[in-house]
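Worksheet: one structure, shown below.
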Amino acid sequence: MTLLRQLRRFARFSLQGHARQAGIILLLILTGSIVEALSLLAVIPLMRLIGADPEATPDTVSLPVVGPMSLGWLLAGIILLMLAQALVNRHRILLMTKTMQQAVDDIRMRLFTAIGQGPWAQVAAMRGSDLNHAMVADVDRVQLGLFSLMSLGQNFLWLTLYGLLSALISWRMTLFALVIGTITLAALYPMRRKTARHARFMADALQERQHVTSEFVAGMKIAKAFNSEAFYLDRLDRLLTSLRTATIEFARLTSNSSALFQLVSGSAAALFVYVAYAYVGLPLPQLVTMLLLFMRLAPRFNAVQETLQQLILSMPAFENVAGLILMFKADRDGAGSAQQATVPTLKRQIRFDNVSITHAGATAPAISKLDLDIAAGEIIALAGPSGCGKSTTADMLMGLLQPGEGQILIDGMPLAPQDRGWRDQIAYVPQDVFLLHDSIATNLRIARADASEADMWDALEAASARHFVACLPSGLDTIVGDRGSRLSGGERQRIALARALLRRPRLLILDEATSALDPQAQSQIEAAIAGLRGHMTIIAIAHTPSLIALADRIVFLDQGRIVQIRSHFPASCNDTAGKMAQA
Ligand SMILES: Nc1ncnc2c1ncn2[C@@H]1O[C@H](COP(=O)(O)OP(=O)(O)OP(=O)(O)O)[C@@H](O)[C@H]1O
């Protein structure tokens with residue numbers, strides 16, 4: 001794809017919804033440039049009024065539109081023009097900053113929303129650190145790119161305007177400057193190509209740096225326990241070395257092109273004066289004005305080259321962010337309507353009708369031809385050895401995964417893909433409890449933002465967590481630490497259960513919800529779950545015999561198929577199914 005097309009896509013993407021502000025900014029740049037150009041042009045009459053020979057200089061000069069003007073008025077006019085230019089520039093900078101910040105916030109929100117509403121299977125298939133990197137570092141780089149894009153637009157406007165202006169003074173000398181400029185930009189093309197290759201490499205290396213650092217933080221405990229910090233440090237050191245080399249190489253590229261540019265523009269200025277003086281015979285005031293113009297144009301030409309390099313550096317980040325937004329959105333749209341007109345309410349039954357699913361990249365189905373009816377209000381335990389498909393079944397029921405074949409019906413109504421209305425009626429307690437580094441109250445309110453304190457205490461009571469929370473010095477305002485690290489595993493699980501119950505769900509899905517509890521807490525939670533019988537449908541993925549024993553029916557899975565359904569758990573746990581459940 002040509003750079004120009006890519007820049008057009010980038011401009012459309014990043015300024016989406018801000019076209020009006022972008023237009024005003026361009027207008028302000030244009031106004032500022034015109035005012036600046038006028039003050040520059042004023043040098044010509046000024047030089048006539050203060051010529052080398054005071055005897056020969058006139059008292060006034062005649063200006064187009066304005067008429068005759070004395071030295072005093074001319075100087076006052078120049079000051080006024082400079083004041084106007086300062087005001088316009090100030091307004092432009094403020095508007096540019098505001099627009100840029102808003103545009104970047106919008107991009108970040110678009111990315112967050114796309115990921116947040118994207119299909120779970122797709123989100124789960126990605127590396128968490130890649131998403132992290134895209135949402136933070138890539139968007140920051142897009143911001144730099146947007147800044148460069150605005151500077152580029154500004155410089156192009158200036159160049160065009162000054163070009164026109166100098167053409168008014170001498171079209172031959174302007175043509176001469178244009179040819180030199182074009183040759184310089186063309187000569188720098190290989191450097192821009194190198195920069196583009198470099199940008200891709202740096203983007204990948206930065207992403208890898210994010211993997212290594214986040215894996216280091218996540219695996220810190222293991223690293224310390226195994227004395228293997230050096231493993232991470234080595235990886236990071238190698239990465240940092242290649243990143244450093246790449247950054248220095250980039251600096252070398254940009255400084256080379258700047259040096260080359262300075263050399264060319266310096267020689268061009270000398271040649272320019274010589275040609276203007278010896279061949280074109282330009283009068284002194286015009287020659288001085290042209291030189292002034294030339295001196296202003298040269299750094300802007302250089303700025304065009306530099307901003308282009310910066311923009312190229314931001315392109316991989318832009319492609320990544322835009323690609324992710326498109327991918328998650330396309331999949332959401334492709335998956336059909338996000339909300340059914342009528343939301344299933346689970347008054348009668350859940351039916352798995354010949355449901356099969358194979359995970360992307362897997363060779364065998366995780367669930368194969370599953371037929372199962374669950375009555376509303378029932379407690380069902382899903383048991384079976386590791387990898388038999390229990391979590392996959394729960395994920396499909398939550399609408400996070402779509403069956404490849406067959407369908408799931410709620411009260412006879414097929415579950416629509418990504419049905420948020422259905423998910424509003426579900427509460428889920430995962431195996432790995434996730435808690436924010438915030439208060440217990442905030443963590444509970446993730447499930448129901450408008451929950452009152454009384455609602456929270458009720459939910460904590462139902463989850464056997466009221467007593468321990470009440471004993472904490474700050475109660476509901478206790479900060480739980482990073483991912484709940486200031487609580488025990490059992491306490492975290494009970495908070496997670498309370499959070500689920502706060503939703504007053506019609507369907508409660510428990511994924512090994514008592515796995516981290518001691519026997520006493522386990523039986524407290526089991527009592528709490530037993531107390532919910534008849535109030536909601538409960539599907540518990542369970543290995544613990546006492547939790548399984550609570551169920552009205554136990555569904556044993558093996559290799560994605562139902563191998564047995566029992567209405568009670570064998571007390572001895574000695575039969576095959578009992579062993580399977582505990583596997
Ligand atoms: N995202 C995925 N991509 C590919 N295969 C997957 C994915 N998730 C699960 N699987 C595979 O699907 C099968 C069922 O996995 P699932 O997590 O449903 O099992 P499970 O019964 O819940 O296991 P456990 O008790 O260990 O949590 C397994 O073979 C697993 O390797």
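As a basis for the values below, the full set of heavy atoms in this structure was taken, side chains included, without hydrogen atoms, waters or symmetry mates. Read the numbers this way: they start at 1 and go in the same order the structure lists the ligands and their atoms. This structure is a prediction, so every number in the text was calculated from the model and none was measured.
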Atom 17 (O) of ligand 1 [closest protein heavy-atom partner, distance rounded to 0.1 Å]: Ser391 CB, 3.7 Å

- prompt: Is there a donor-acceptor contact under 3.5 Å linking the side chains of Ser368 and Arg561?
  reply: yes

- request: Would you check, one step at a time, whether the test salt bridge (Lys or Arg N to Asp or Glu O under 4.0 Å) holds for Asp411 with Arg351?
  value: CA-CA 8 Å; Asp411 293 344; Arg351 161 168 288 185; over 6 Å; no

field: Salt bridge present between Glu491 and Arg486 (N-O < 4.0 angstrom)
entry: no

- prompt: Short list, please: which atoms of ligand 1 are under 4.0 Å from a heavy atom of Thr392?
  reply: 14 (C), 15 (O), 16 (P), 18 (O)

message: Please tell me whether Ser439 and Thr442 have a donor and an acceptor in their side chains that are separated by less than 3.5 angstrom.
response: yes

- request: Look at atom CZ of Phe468 and say whether more than 12 heavy atoms of other residues, nucleotides or ligands are closer to it than 6.0 Å.
  value: yes

task: Give yes if a backbone or side-chain nitrogen or oxygen of Cys388 is under 3.5 Å from a nitrogen or oxygen of ligand 1, and no if not.
output: yes

query: Got the closest protein heavy atom to atom 25 (O) of ligand 1, with its distance?
result: Lys390 NZ, 2.9 Å

- request: Measure the distance from atom 26 (O) of ligand 1 to every protein heavy atom, then report the residue, atom name and distance (to 0.1 Å) of the closest one.
  value: Ser386 OG, 2.6 Å

message: I'd like to know if atom 30 (C) of ligand 1 has any protein heavy atom within a distance of less than 4.0 Å.
response: no

message: Before you tell me yes or no, could you show the steps for Asp106 and Arg108 under salt bridge (Lys or Arg N to Asp or Glu O under 4.0 Å), namely the whole-Å CA-CA distance, both residues' side-chain angles and the distance that decides it to 0.1 Å?
response: CA-CA 5 Å; Asp106 286 355; Arg108 220 184 286 273; over 6 Å; no

query: Which ligand 1 atoms are under 4.0 Å away from a heavy-atom of Gly389?
result: 14 (C), 18 (O), 19 (O), 20 (P), 21 (O)

task: Among all protein heavy atoms, pick out the one at the shortest distance from atom 5 (N) of ligand 1; state its residue, atom name and that distance to 0.1 Å.
output: His359 CB, 3.4 Å

task: Considering only non-hydrogen protein atoms, determine which one is nearest to atom 14 (C) of ligand 1 and report residue, atom name and distance to 0.1 Å.
output: Gly387 O, 3.4 Å

query: Would you say the side-chain atoms of Asn320 and His133 include a donor-acceptor pair closer than 3.5 Å?
result: no

